[in-house]
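To keep things clear, I will list the structure first and then write my remarks on it.
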2 protein chains.
Amino acid sequence: MRKRGYSLAEQLLDTLEERGYRSTSPRRAVANVIAGQERHFTAEELREKLPEVGRATIYRSLKILVDAGVLCRVLLEDGNLHYQLSHRGHHHHLLCVECGASEDLLGCDIEDLLQSVSAAHGFQLSGHWLEVYGRCQSCLQTQVPA
Amino acid sequence: MRKRGYSLAEQLLDTLEERGYRSTSPRRAVANVIAGQERHFTAEELREKLPEVGRATIYRSLKILVDAGVLCRVLLEDGNLHYQLSHRGHHHHLLCVECGASEDLLGCDIEDLLQSVSAAHGFQLSGHWLEVYGRCQSCLQTQVPA
DNA sequence: ATATTAATGATACCTAGTCTCGAAACTAAT
DNA sequence: ATTAGTTTCGAGACTAGGTATCATTAATAT
Ligand SMILES: [Mn+2]
Ligand SMILES: [Mn+2]
Ligand SMILES: [Zn+2]
Ligand SMILES: [Zn+2]
């Protein structure tokens with residue numbers, strides 16, 4: 001949908017360069033594959049699409065992209081770790097256990113609630129991990145047509 | 001603190017027998033170690049304390065105790081999976097990143113909030129995973145004495 | 001062009017498990 | 001007590017997912 005000028009892959013590489021990372025051909029390859037990804041993906045899936053890139057490089061790239069905030073980790077209900085393009089900032093996901101769709105959960109008041117619950121226990125909140133599993137709208141519709 | 005009659009280890013074994021598992025000496029050994037555990041522990045720590053029990057048996061025992069609801073899994077901030085004695089029912093943990101203390105989070109309204117947030121997105125909630133990290137009361141006190 | 005530094009990838013290694021399978025142990029029925 | 005049927009055991013092979021090492025190569029700065 002994006003015409004010329006500034007592809008998503010270019011954005012990813014720019015983010016790395018801003019952070020002082022060199023622009024190398026393995027990194028360009030990784031950026032291109034990730035930019036074309038519709039859903040969340042595993043390190044292994046990425047590796048299959050880039051057999052010419054070394055394993056260590058795949059994992060290193062994922063790590064720096066997560067650190068840069070452009071990818072986020074998503075823990076599926078089966079325990080498998082996936083990655084997906086991230087909107088900057090901390091957020092959570094609604095994950096469909098049926099079709100794998102993932103919807104971002106932004107600007108809700110979960111953080112506030114955790115803050116107050118922690119305070120009630122004398123805890124100073126420093127972080128949290130949350131994943132929410134369920135069935136998405138379209139899976140509900142196609143599945144319960146009666 | 002428990003006098004005679006019904007030790008925690010015995011409770012664990014009874015839970016297994018109720019579920020149709022035989023009472024065997026490896027299981028008794030596992031139950032005894034777990035019953036004496038003050039904090040959450042890893043499979044590996046359990047293994048170190050039970051060098052005579054086979055590795056597969058350790059993992060099998062942990063799995064059935066989790067399934068039975070008497071142990072719960074706790075994901076530490078560093079990604080390591082620990083186990084700890086569970087009060088029955090779904091609940092979450094406040095985990096101190098300083099001293100490792102873990103406090104159960106029961107009867108709060110997180111579930112309700114998740115329910116309504118999911119509904120707002122057209123999701124049918126089926127489950128979630130939540131861990132909360134911070135500093136506990138006593139760590140806060142000893143650390144900021146000024 | 002040269003020097004400096006960062007990045008790569010082959011490979012070895014590691015952690016946290018799971019799988020297999022013959023042997024041992026438990027339980028129930030005689 | 002013996003037997004038969006079933007469960008459980010544990011040694012060891014195997015796996016997934018990831019990290020450490022390190023000699024070689026590539027990117028950038030001068
Ligand atoms: Mn996201
Ligand atoms: Mn708990
Ligand atoms: Zn769906
Ligand atoms: Zn603490």
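Convention: sequence-line order gives letters A, B, ...; per-chain numbering from 1.
In this structure, Arg27(B) reaches the sugar-phosphate backbone alone: every heavy-atom distance under 4.0 Å involves primed, P, OP1 or OP2 atoms, never a base. As judged by a 4.0 angstrom heavy-atom cut-off over every strand, Ser23(A) is placed among residues touching the sugar-phosphate backbone only.
Between the C1' atom of dC14(D) and the OH atom of Tyr59(B) lies a distance of 15 Å, rounded to the nearest Å. Going from atom CG of Leu81(A) over to atom P of dG17(D) covers 10 Å, rounded to whole Å. For the pair Ile58(B) CD1 and dG12(D) C1', the interatomic distance rounds to 16 Å; values are reported in whole Å. Whole-Å rounding puts the Glu17(B) CD to dT8(D) C1' distance at 14 Å. At whole-Å resolution of the value, CG in Leu13(B) and P in dT8(D) are 13 Å apart. Whole-Å rounding puts the Arg47(A) CZ to dA10(C) P distance at 10 Å. With rounding to whole Å, Leu46(B) atom CG is found 12 Å from dG17(C) atom P. The separation between Arg28(A) atom CZ and dA26(D) atom C1' is 11 Å, rounded to whole Å.
Comparing atom distances between the Ala56(A) side chain and each of dA20(D), dT8(C), dG10(D) picks out dA20(D) as nearest. Distances were taken from every side-chain heavy atom of Thr24(B) (C-beta onward) to each of dT8(D), dA7(C), dG9(C); the shortest belongs to dT8(D).
Using a 4.0 Å cut-off, some side-chain N or O of Lys63(A) falls inside it from OP1 or OP2 of dT19(D). For Ser25(B) and dA25(C), the shortest distance from a side-chain N or O to OP1 or OP2 is not below 4.0 Å. At the phosphate of dG9(C), neither OP1 nor OP2 sits under 4.0 Å from any side-chain N or O atom of Arg60(A). A sub-4.0 Å separation between OP1 or OP2 of dG10(D) and a side-chain N or O of Thr57(B) is present. Side-chain N/O atoms of Asn80(B) include none lying less than 4.0 angstrom from OP1 or OP2 on dT15(C).
Taking the six-membered ring wherever Trp is involved, the centroid distance between the rings of His128(A) and His92(B) does not fall below 6.0 Å.
Summary of the strand contacts: Arg55(B) and Tyr21(B) both lie near DNA chain C, and taking for each the nucleotide with the nearest heavy atom, the more 5' one is attributed to Arg55(B). Taking the nucleotide of DNA chain C with the nearest heavy atom to each of Arg73(B) and Arg22(B), the more 5' of the two is matched to Arg73(B).
Of all the heavy atoms in Leu62(A) and Tyr83(A), the pair that sits closest is CD1-CE1, 3.7 Å. The minimum heavy-atom distance between Leu71(B) and Ser86(B), with the atom names listed, is C-CB, 3.7 Å.
For the residue pair Gln84(A) / Ser102(A), a side-chain donor-acceptor distance below 3.5 Å is found, with atom types taken as modelled.
The distance from atom CG of Leu13(A) to atom OG of Ser7(A), rounded to the nearest 0.5 Å, is 8.0 Å.
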